[in-house]
> 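My questions all concern the structure below.
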Amino acid sequence: MLKKIIKGSHRKPSKSDSNDPGSIFGYGQPVTRNSGSVSTANVVVNHASRAGPQPPPSPNSSGPGPISSVGLGPPPSGPVDPLPLFRDVPVSERQSLFIRKLQICCFQFDFSDTLKSAREKEIKRQTLMELVDFIQSGSGKITETCQEEMIRMVSVNVFRCLPPASHENTGQESADPEEEEPYLEPCWPHLQLVYELLLRYVVSSDTDTKVAKRYIDHSFVLKLLDLFDSEDPREREYLKTILHRIYGKFMVHRPFIRKAINNIFYRFIYETERHSGIGELLEILGSIINGFALPMKEEHKLFLVRALIPLHKPKPIAMYHQQLSYCITQFVEKDYKLADTVIRGLLKYWPVTNCQKEVLFLGELEEVLEATQSAEFQRCMVPLFRQIARCLNSSHFQVAERALFLWNNEHIVSLIAQNRSVILPIIFEALEKNIQSHWNQAVHGLTVNVRKMFLEMDAELFDECQRQHAEREARAREMDEQRELTWKKLADVAAQRGGEDMITV
């Protein structure tokens, strides 16, 4: 037994130990920082809980930390010194110089103090500009090793924990995103060039997708998608362009990207209702939907029903409604049979007390109806015009006005004219009520015009609706009179039985 214990204490190093960069170069175990820095062996980012920014490693530290060292030797150490330009070295040495420049760009700096490490920051900025120019010029096809290290450098710089939003700092309820000042990333002078380098690499005709997909893999794409929650609009704009290019170039990633975006939407709709990049993701999807082949796959129709239509539910819809409306309209234009599904979806999430949201819905409804054909219109016209009738009588003049503007659209008017025998009886009472009692003169005038339009469409139907309306009004007055008379009789009986037993309020 003693021999077994002694043998166990002299364990052979495992493969994972032998491959650990820290054990190779004597750095010890890799350290993961809460600031969103990446571990030495792998790029690991967790954006589910944002962390506050921590001071980045000093340029005089033992290297960039997050860069893996497989096959390249240890990370750079010592002060950051400028390297020669690509044009100043022989062609045979450019790939080696490219890697050395990438290693310089892995250094992280503290941008909270503009004067700190100013020389090193400028060296890194100039180096990044040279790398961008080198990729853009196509002066030499970079090797697979260089591509791997470039993606690693990009990961070190861009994959980070995002700073907490203002409402997360205070613990108070989040304010209206439109009223908040966006957070601007202090390290943007470097970050912008890193994104530009990645973009030039993705769009370059020299980039072989069979090689590049080993490094721009599912993990890389997921981390890019996490960054869409950045509050800096400049960063989100770059991310939008890069992800769109990746979707176009790497066909193998397309289903995965669509599914990952779906998951972001689900979390936003049903959990957080807080995300900075929904508009940008919808812009990408608008272009993707535009390229869908017909007949449309069931997967795409499910995406419409399960993700896009429920996106009408969250409160901050005004931040992304324009892009959402474009995506919805694209679906209806691609497949007109989806119009009924879309309109019923809008009615399901129609706001009850939010008037500004109602105005947005009415605008989107007009765009959808423009692409709707008669058969689909007939399937949903009864619940649709019941909702429109409620909007016509809204005390908020913008809602009533926007609903009346539907009659300015020729296609919608033609659909209404074809089905006037069903629609006019539904909205006639709302029109009469507006003419009699709506406080806003513009709404009153528009209502008169719509009423006149129906009269010119079908005078006989109009007269019949007017007669039925008059009968309903008379019955309502009669019921009111009957109710008053009943209460009067009760009061008289009570008075006769003795006023002392009555409790007056």
Side-chain angles (χ1 to χ4, degrees), residues 43 71-72 83-106 125-159 190-225 227-228 234-258 260-261 280-281 283-293:
V43 177
L72 280 179
L83 294 172
L85 300 175
F86 283 109
R87 64 171 178 265
D88 295 338
V89 298
V91 175
S92 58
E93 296 179 16
R94 287 182 182 175
Q95 300 293 330
S96 172
L97 180 60
F98 188 85
I99 289 177
R100 289 165 63 199
K101 286 180 182 288
L102 288 172
Q103 290 176 338
I104 283 182
C105 294
C106 287
R125 192 183 71 83
Q126 292 289 345
T127 305
L128 282 167
M129 289 176 67
E130 289 173 37
L131 291 170
V132 171
D133 291 339
F134 183 77
I135 295 292
Q136 191 171 3
S137 65
S139 54
K141 191 172 182 180
I142 60 174
T143 63
E144 187 173 338
T145 304
C146 290
Q147 292 181 56
E148 181 181 5
E149 290 312 311
M150 182 172 65
I151 296 302
R152 204 168 279 152
M153 183 277 290
V154 169
S155 301
V156 166
N157 281 277
V158 304
F159 296 149
H190 288 178
L191 204 57
Q192 179 185 12
L193 291 169
V194 175
Y195 278 127
E196 187 67 29
L197 178 65
L198 177 58
L199 178 60
R200 294 300 164 196
Y201 169 69
V202 171
V203 302
S204 173
S205 57
D206 293 331
T207 301
D208 184 357
T209 54
K210 291 180 181 178
V211 175
K213 73 180 182 183
R214 297 174 195 165
Y215 314 115
I216 300 181
D217 55 6
H218 286 180
S219 174
F220 186 89
V221 169
L222 272 181
K223 289 163 191 167
L224 273 185
L225 283 166
L227 292 172
F228 273 86
R234 303 168 300 180
E235 182 169 15
R236 296 199 305 271
E237 194 65 24
Y238 258 104
L239 287 164
K240 178 185 74 175
T241 307
I242 290 167
L243 187 66
H244 192 194
R245 295 291 189 171
I246 289 173
Y247 186 91
K249 191 154 192 167
F250 297 83
M251 294 186 69
V252 67
H253 291 336
R254 289 183 180 183
F256 178 80
I257 290 173
R258 291 198 300 268
I261 292 175
E280 285 79 8
L281 291 170
E283 277 189 59
I284 296 170
L285 285 168
S287 180
I288 291 171
I289 294 163
N290 197 26
F292 282 166

> Drop me the distance from E196's CD to I242's CD1, to the nearest 0.5 angstrom.
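One finds 8.0 Å between CD of E196 and CD1 of I242.
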> Could you pull out the closest heavy-atom pair between N157 and C106, with the gap in Å?
ND2-CA, 4.4 Å
> Quick one: pull up CG in L102 and CZ in R152 and give me the separation to the nearest 0.5 Å.
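It comes to 10.5 Å.
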> Backbone N or O of F86 within a donor-acceptor pair of the K101 side chain at under 3.5 Å?
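Not confirmed, K101 side chain does not pair with F86 backbone.
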> Would you say the side chain of I99 lies within less than 4.5 Å of the side chain of S96, judging by non-hydrogen atoms?
no
> So do the side chains of L227 and R236 get within less than 4.5 Å of each other, counting heavy atoms only?
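Sidechains of R236 and L227: no contact.
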> At their closest point, which heavy atom of L197 faces which heavy atom of M153, and how far apart are they?
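Taking every non-hydrogen atom into account, CD2-CE, 3.4 Å.
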> Evaluate the side-chain contact (heavy atoms from CB on, under 4.5 Å) criterion for residues I246 and L224: first the C-alpha distance (whole Å), next the side-chain angles of each, then the deciding distance (0.1 Å), finally the verdict.
CA-CA 11 Å; I246 289 173; L224 273 185; 3.7 Å; yes
> Do L243 and F228 come within less than 4.5 Å of each other through their side chains, counting heavy atoms only?
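The answer is yes; the side chains approach within 4.5 Å.
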> The test is side-chain contact (heavy atoms from CB on, under 4.5 Å); show your working for V221 and F250 and say whether it passes.
CA-CA 11 Å; V221 169; F250 297 83; over 6 Å; no
> Walk me through it: do Y238 and L191 pass the test side-chain contact (heavy atoms from CB on, under 4.5 Å)?
CA-CA 10 Å; Y238 258 104; L191 204 57; over 6 Å; no
> For R234, which residues count as a salt bridge (charged side-chain N to carboxylate O under 4.0 Å, His left out) partner, sequence neighbours excluded?
D232
> Could you give the distance from CD (Q136) to CG (L199), rounded to the nearest 0.5 Å?
9.5 Å
> Using 30° and 60° as the class boundaries, would you call the ring planes of F134 and F98 parallel, tilted or perpendicular?
tilted
> Going by side-chain hydrogen bond (donor to acceptor under 3.5 Å, both in side chains), Y195 matches just one of R200, E235, E237, H190. Which one?
E235
> Is there a side-chain contact between C105 and L131, using heavy atoms and a 4.5 Å cut-off?
yes
> Quick one: pull up CG in L285 and CD1 in I261 and give me the separation to the nearest 0.5 Å.
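Output value for this atom pair is 4.5 Å.
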> Taking all heavy atoms of L222 and all of A260, pick out the closest pair and write down the distance.
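Result for this residue pair: CD2-CB, 4.0 Å.
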> Does any donor atom in the side chain of Y215 or Q147 lie under 3.5 Å from an acceptor atom in the other side chain?
no
> Using a 4.5 Å cut-off on heavy atoms from C-beta on, say whether the side chain of Q126 contacts that of L83.
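No; the side chains remain at least 4.5 Å from each other.
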> Is a salt bridge present between R214 and E144, judged by a nitrogen-to-oxygen distance below 4.0 Å?
yes
> What do the steps show when you test Y201 against I151 for side-chain contact (heavy atoms from CB on, under 4.5 Å), and what is the final call?
CA-CA 10 Å; Y201 169 69; I151 296 302; 3.8 Å; yes
> Indicate yes or no: at least one non-hydrogen side-chain atom of S219 is less than 4.5 angstrom from one of K223.
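Yes - at least one pair of side-chain heavy atoms lies under 4.5 Å apart.
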> Might you point out which heavy atoms bring M150 and I135 nearest each other, and give the distance in Å?
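Nearest heavy atoms, M150 then I135: SD-CD1, 4.2 Å.
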> At their closest point, which heavy atom of L97 faces which heavy atom of V89, and how far apart are they?
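Closest heavy-atom pair between L97 and V89: CD2-CG2, 3.7 Å.
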> Measuring from I142:CD1 to E149:CD, what's the distance to the nearest 0.5 Å?
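Here the rounded value is 11.0 Å.
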> When rounded to the nearest 0.5 angstrom, what distance separates NE2 in H253 from CZ in F220?
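CZ of F220 is found 9.5 Å from NE2 of H253.
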> Going through the checks in order, is the side chain to side chain donor-acceptor pair (under 3.5 Å) test met by Y247 and R258?
CA-CA 9 Å; Y247 186 91; R258 291 198 300 268; 2.8 Å; yes
> Evaluate the side-chain proximity of S287 to H244: yes if any heavy-atom separation is below 4.5 Å, no if none is.
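SC-SC contact between H244 and S287 confirmed.
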